[in-house]
> 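One structure, pasted below without further comment.
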Amino acid sequence: MAIRLGIVVPCYNEEEVLPETNRRLLDLLNHLQQSGLVTADNSLYFVDDGSKDRTWEIIESLAAADSRVHGIKLSRNRGHQNALLAGLFGAEGDAVVTVDADLQDDITIIEEMVHRFSEGCEIVYGVRKSRAVDTAFKRSSAGMYYKFLAWMGVDVVYNHADFRLMSRRAVDSLRQYSEVNLFLRGIIPLLGFPTATVYYDRGERFAGVSKYPLRRMLALAIDGITSFSVMPLRFIAALGLLVCLLSIAMIGWVLYLRLFTAAAIPGWASSVLPIYFLGGIQLLSIGILGEYVAKIYLETKRRPRYFIEKVI
Ligand code: UDP
Ligand code: MG
């Protein structure tokens with residue numbers, strides 16, 4: 001049974017890649033249609049995340065050339081996760097696939113995703129087989145980060161980014177999550193429903209440069225932890241308890257020295273070292289608390305996540 005498919009592509013300053021990306025995705029849709037997997041009624045949604053280059057003009061011309069191509073223009077740059085959300089919520093179709101504009105993710109596996117969907121899976125994750133094309137730094141930091149998330153009790157799919165297929169039902173369920181600090185990779189597994197995983201090799205960006213500098217990557221990484229886990233707060237409490245117990249033991253030790261030995265020389269080390277040590281722990285703990293307070297602050301404002309300026 002053929003389905004209606006929507007493909008969402010977030011774009012931030014992607015003028016170099018857009019025409020080629022559009023061509024490859026339309027080819028793929030043609031191919032899927034010929035194989036009888038999708039109907040003729042498919043759509044491609046390019047979400048312009050407040051680009052400063054000619055991205056929107058290009059989207060307009062692509063949309064004029066093919067009725068399947070649509071554009072959603074956000075009022076300003078709101079970041080990858082919000083752009084994805086705007087696309088998901090604006091897209092039509094029985095199933096919606098999200099993929100990055102640089103097509104680093106192998107779009108040929110979308111066919112397999114559609115098969116899984118037809119078999120009843122509501123969410124199909126695209127997972128990278130290897131990180132061979134990444135820099136050694138990105139590979140090792142990402143690996144550690146996924147392990148750390150798992151250790152913190154955050155349920156994420158290892159080596160899965162935002163290349164996935166979602167059913168209409170899954171997208172509608174996602175609408176009920178109103179958080180402003182978006183980390184979709186953490187929310188989607190919370191939805192439940194039957195899921196499947198499809199593996200692929202990630203390639204290089206075929207043109208243009210990465211729109212994810214280290215600063216943004218770190219911000220997303222911190223969101224991933226503090227939006228889904230209270231473990232850091234518990235860790236602080238545990239640390240506090242440990243230090244208290246140690247201090248009690250130390251008081252015992254000092255009393256023993258004072259009462260039963262002649263070795264009780266007023267020590268410099270025993271008074272100065274704890275000051276620095278505890279000062280460090282306190283600052284760190286306050287910092288972590290502050291991270292959560294900031295999150296509460298942002299969430300309670302309930303600010304809108306994005307505004308749509310134009311739709312074509
Ligand atoms: N992107 C976006 N808004 C941003 C930054 C990035 O919509 O503020 C899009 C970008 O156009 C691309 C995707 O997010 O489609 C992933 O970005 P990129 O390929 O630069 O990240 P990398 O693959 O280097 O992690
Ligand atoms: Mg990329």
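It should be emphasised that the depicted structure is a prediction, and the values quoted were computed from it without experimental measurement. Numbering of ligands and ligand atoms starts at 1, following listing order. The residues of the chain are indexed from 1 along the displayed sequence. All heavy atoms count here, side chains included; hydrogens, waters and symmetry mates do not.
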> Can you spot which of Gln33, Arg4, Arg68 makes a side-chain hydrogen bond (donor to acceptor under 3.5 Å, both in side chains) with Asp41?
Arg4
> What about the rings of His80 and Tyr212, do their centers lie closer together than 6.0 Å?
yes
> Can you pull out the closest protein heavy atom to atom 19 (O) of ligand 1? Residue, atom name and distance to 0.1 Å, please.
Asp102 OD2, 2.5 Å
> Quick one: nearest non-hydrogen protein atom to atom 1 (N) of ligand 1, plus distance?
Tyr12 CB, 3.7 Å
> Using atom types as modelled and distance alone, determine if a side-chain donor or acceptor of Asp49 lies under 3.5 Å from a backbone N or O of Cys11.
no
> So is there a nitrogen or oxygen of Asp100 less than 3.5 Å from a nitrogen or oxygen in ligand 1?
no
> With a 4.5 Å heavy-atom cut-off, do Arg116 and Glu119 have their side chains touching?
yes
> Just heavy atoms, cut-off under 4.0 Å: does Asn77 contact ligand 1 by side chain, backbone, both, or neither?
side chain
> So which of Met217, Arg216, Glu204, Arg205 gets nearest to atom 8 (O) of ligand 1, if we judge by its closest heavy atom?
Arg216
> So is Arg175 actually on top of Phe89's ring, under 6.0 Å and inside 45° of the axis?
yes
> Quick one: is the NZ or CZ of Arg185 closer than 6.0 Å to the six-membered ring centre of Phe228, and within 45° of its axis?
no
> Would you mind telling me if ligand 1 is within reach of the side chain of Gln81, the backbone, both or neither, using heavy atoms under 4.0 Å?
neither
> Applying a heavy-atom cut-off of 4.0 Å, say which part of Ser210 lies close to ligand 1: side chain, backbone, both or neither.
both
> In terms of residue, atom name and distance, what is the protein heavy atom nearest to atom 14 (O) of ligand 1?
His80 CD2, 3.0 Å
> For atom 17 (O) of ligand 1, which protein heavy atom lies nearest, and how many Å away is it?
Tyr212 CD1, 3.8 Å
> Given 3.5 Å as the limit, does a donor-acceptor pair link the side chain of Asp100 with the main chain of Leu103, or not?
no
> Return yes or no for this condition: an N or O of Val209 is under 3.5 Å from an N or O of ligand 1.
no
> Enumerate the atoms of ligand 1 whose separation from the nearest heavy atom of Glu14 is less than 4.0 angstrom.
10 (C), 11 (O), 12 (C), 15 (O)
> With atoms numbered from 1 as shown, which atoms in ligand 1 lie under 4.0 angstrom from a non-hydrogen atom of Lys211?
5 (C), 6 (C), 18 (P), 20 (O)
> Do Ser229 side-chain atoms and Ile225 backbone N/O form a donor-acceptor pair below 3.5 Å?
no
> So does Gln104 have any N/O/S atom less than 2.8 Å away from the Mg ion (ligand 2)?
yes
> Does Arg216 make a cation-pi contact with Tyr12 (under 6.0 Å, within 45 degrees of the axis)?
yes
> Keeping the roles fixed (side chain from Glu299, backbone from Asn181), state whether a donor-acceptor pair exists under 3.5 Å.
yes
> In Asp102, what N, O or S atom is nearest to the Mg ion (ligand 2), if we give its atom name?
OD2
> How about Phe163 and Tyr125: are their ring centres within less than 6.0 Å of each other?
no
> Considering only protein heavy atoms, which is closest to atom 3 (N) of ligand 1, and at what distance to one decimal place?
Asp49 OD2, 2.5 Å
> Closest non-hydrogen protein atom to atom 23 (O) of ligand 1, residue and atom name please, with distance?
Gln104 OE1, 2.7 Å
> Could you check whether any heavy atom of Lys138 sits closer than 4.0 Å to an atom of ligand 1, since that is the contact criterion I want to use?
yes
> Under 3.5 Å between some N or O of ligand 1 and some N or O of Ala83?
no
